[in-house]
S.K.: 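After the structure tokens below, expect a handful of questions from me.
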Amino acid sequence: MRAVAARPDPVARRVRTVLIWAGVSLLPVVVLLASTVGTGGPLLPVVTPDGSVPGVPLRYLAPALVVLLPAALLGRRPLLALGLALVGACTVTVATNAWENGYLSAIWYLQFLVIDLMVGLVAARFPGRIAVPAATVVLVLQVTAGFVNSATAPVDRATSSVLLVVAAVVAGGAARARRRHAEELRAHAAVEAITAERLRIARELHDIVAHSIGVIAIQAGVGARVIDTQPGEARAALAAIERTSRDTLTGLRHTLGALRHPQQAAASLDPPPGLADLDRLVDVTADAGVRVAVRREGPPRPLPGEVDLAAYRIVQEALTNVVRHADVDRCRVTLGYLPDGLRVEVVDAGRGAPLGGAGAGAGHGIVGMRERVTLLGGRFAAGPRPEGGFRVAACLPVGAGRVSVRPPAEADG
């Protein structure tokens with residue numbers, strides 16, 4: 001079952017929206033109250049841990065609500081929230097009737113510090129062409145309000161305003177840049193993952209199809225030549241074509257099923273091939289006219305799934321190249337079970353094939369083998385042998401480390 005993202009309750013969303021706008025609609029009343037309470041005024045009781053009830057003057061609570069009520073809109077409409085809070089703070093600063101310099105300075109700092117935080121949030125949400133003009137308006141009105149307010153030290157407050165607004169814009173811009181960088185990294189990682197998956201699928205399809213089609217083509221040619229003179233050989237060729245076709249269809253069905261239903265790929269009843277299927281691969285290659293001698297060095301042991309599959313595909317592709325290009329009737333496959341890895345070698349004494357014809361130019365066989373080995377952190381070598389023929393050698397690591405051994409010395413087919 002595909003996971004479905006939980007959607008917010010529409011009723012709760014409507015209730016939250018109504019409460020937010022109801023609080024914002026009270027802003028004019030709170031602004032009027034904050035402008036008239038001045039000094040003194042009633043206290044809002046607050047119980048402290050020691051049991052005393054000192055209370056909070058309402059004259060500080062009301063100016064705080066002037067900027068806190070619009071803050072509820074920051075999530076959806078940050079510019080509107082900033083505008084409402086700025087208008088309310090400037091109105092309270094100009095219209096407050098009080099003679100205490102301490103109180104006038106306190107409400108100025110209380111309100112405009114919150115507004116400066118809103119500027120930082122706006123800079124983090126919007127590009128510079130929007131955030132910078134908004135911060136400029138805030139700075140001009142904030143400095144002006146500092147001079148209109150009759151509290152002392154307006155120059156100090158103006159200087160603080162410049163520093164705080166600039167710091168808010170810089171911090172918000174940095175947060176926005178980090179968020180965009182993180183999004184770009186996620187997008188790049190997604191593209192790389194898609195590309196890697198496409199290459200993996202291409203390798204699998206190439207390894208499945210190239211070997212089978214090569215064998216089928218050879219058997220079909222043999223059958224066509226001997227069908228009139230040697231019906232038994234023709235029937236054997238047709239039987240080999242049938243077996244190879246069925247194996248190919250099974251592999252393709254497994255691969256396509258994994259593409260259509262990736263969540264069920266791990267539970268598939270048709271596991272991917274491995275070295276346990278090497279004997280069947282040898283039989284199919286023999287049907288194509290190439291006898292394969294398999295030599296195992298060291299006691300065989302279970303291998304990780306990705307190493308087992310890679311080793312099988314390397315042998316399969318190497319045998320396909322022998323059948324198609326070597327013009328030889330025999331080759332040798334060596335599997336060396338090492339303490340820290342697996343050594344795979346396929347050699348023949350045929351005429352060999354240039355690297356471009358086998359993989360770099362006309363096909364993708366050697367390129368695919370090299371990619372498989374590289375992804376596992378191993379080493380790969382392929383090329384003509386000095387004494388004739390062709391050699392494919394790979395060292396695949398088993399475990400966390402890389403293979404420490406070198407590919408084996410070349411030997412005669």
Side-chain angles (χ1 to χ4, degrees), residues 196 199-208 210-211 247 251 254-255 265-266 270-286 290-323 326 330-348 355 358-359 364-385 389-413:
L199 291 175
R200 186 191 68 80
I201 295 170
R203 285 193 299 269
E204 285 295 316
L205 293 178
H206 175 273
D207 292 341
I208 292 173
H211 176 78
D247 292 340
H254 177 269
T255 302
D270 185 17
L275 293 180
D277 303 304
L278 188 58
D279 291 339
R280 184 173 58 182
L281 180 61
V282 169
D283 293 339
V284 173
T285 306
V290 178
R291 290 179 295 172
V292 181
V294 179
R295 185 173 66 185
R296 292 177 171 84
E297 298 176 350
R301 67 177 186 276
L303 299 171
E306 63 274 12
V307 175
D308 196 27
L309 175 61
Y312 176 85
R313 292 303 189 197
I314 290 170
V315 174
Q316 182 185 47
E317 179 60 30
L319 293 181
T320 300
N321 290 338
V322 172
V323 171
R330 67 183 61 192
C331 68
R332 187 183 71 232
V333 175
T334 302
L335 301 176
Y337 293 88
L338 307 170
D340 55 355
L342 175 70
R343 177 170 58 85
V344 180
E345 184 184 54
V346 181
V347 294
D348 67 78
L355 290 178
H364 304 279
I366 290 181
V367 174
M369 288 189 285
R370 189 182 304 277
E371 287 178 349
R372 287 185 182 276
V373 175
T374 302
L375 288 175
L376 293 175
R379 294 193 304 275
F380 177 81
R385 303 165 63 202
F390 203 83
R391 172 177 175 267
V392 173
C395 287
L396 304 176
V398 176
R402 293 177 177 269
V403 179
S404 60
V405 297
R406 299 186 59 83
E410 297 173 354
D412 293 337

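Residues: numbered from 1 along the sequence shown.
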S.K.: Nearest 0.5 Å, what's the CZ-CG distance between R343 and L338?
M.R.: 6.5 Å

S.K.: Quick check: does any side chain N or O of N321 sit under 3.5 Å from a backbone N or O of A318, one acting as donor and the other as acceptor?
M.R.: no

S.K.: For P397 and V307, work out which heavy atoms get closest and say how close.
M.R.: O-CG2, 3.6 Å

S.K.: Looking at every heavy atom in both L309 and P273, which two are closest together, and how far apart are they?
M.R.: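 Scanning both residues, the minimum pair turns out to be CD1-O, 3.5 Å.
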
S.K.: For a quick test of reading the model, state the closest non-hydrogen atom pair linking D348 to R330 and the distance between them.
M.R.: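 In terms of heavy atoms, the two residues are closest at CB-O, 4.2 Å.
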
S.K.: Distance check, rounded to the nearest 0.5 Å: Y312 atom OH versus L303 atom CG?
M.R.: 15.0 Å

S.K.: Would you please test V346 and F390 for side-chain contact (heavy atoms from CB on, under 4.5 Å) and show each step?
M.R.: CA-CA 8 Å; V346 181; F390 203 83; over 6 Å; no

S.K.: Applying the side-chain contact (heavy atoms from CB on, under 4.5 Å) criterion to V294, which one of L275, V282, L281, V315 satisfies it?
M.R.: V282

S.K.: Once you round to the nearest 0.5 Å, how far does CZ of R313 lie from OG1 of T320?
M.R.: 10.0 Å

S.K.: For a side-chain contact (heavy atoms from CB on, under 4.5 Å) with C331, tell me which candidate from T285, L319, V347 qualifies.
M.R.: L319

S.K.: Hey, could you give me the CZ/CZ distance between F380 and R372, rounded to the nearest 0.5 Å?
M.R.: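 Those atoms lie 11.5 Å apart.
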
S.K.: Checking side-chain contact (heavy atoms from CB on, under 4.5 Å) for the pair L278/V292: CA distance, chi angles, key distance, verdict?
M.R.: CA-CA 10 Å; L278 188 58; V292 181; over 6 Å; no

S.K.: Quick one, R280 and D277 - any side-chain contact, counting heavy atoms below 4.5 Å?
M.R.: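 The answer is yes, as the side chains (C-beta and beyond) meet within the 4.5 Å cut-off.
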
S.K.: Passes side-chain contact (heavy atoms from CB on, under 4.5 Å), E306 versus L376? Steps please.
M.R.: CA-CA 8 Å; E306 63 274 12; L376 293 175; 3.5 Å; yes

S.K.: Return the minimal non-hydrogen interatomic distance between P304 and V398, and the atom names on each side.
M.R.: CD-CG1, 3.8 Å

S.K.: Atom CG in D283, atom CZ in R291: separation rounded to 0.5 Å?
M.R.: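 If I round to the nearest 0.5 Å, the distance is 13.5 Å.
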
S.K.: Distance check, rounded to the nearest 0.5 Å: L396 atom CG versus L375 atom CG?
M.R.: 11.5 Å

S.K.: State which residue, out of I314, T334, V333, fulfils the side-chain contact (heavy atoms from CB on, under 4.5 Å) condition with E345.
M.R.: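 Option passing the side-chain contact (heavy atoms from CB on, under 4.5 Å) with E345: T334.
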
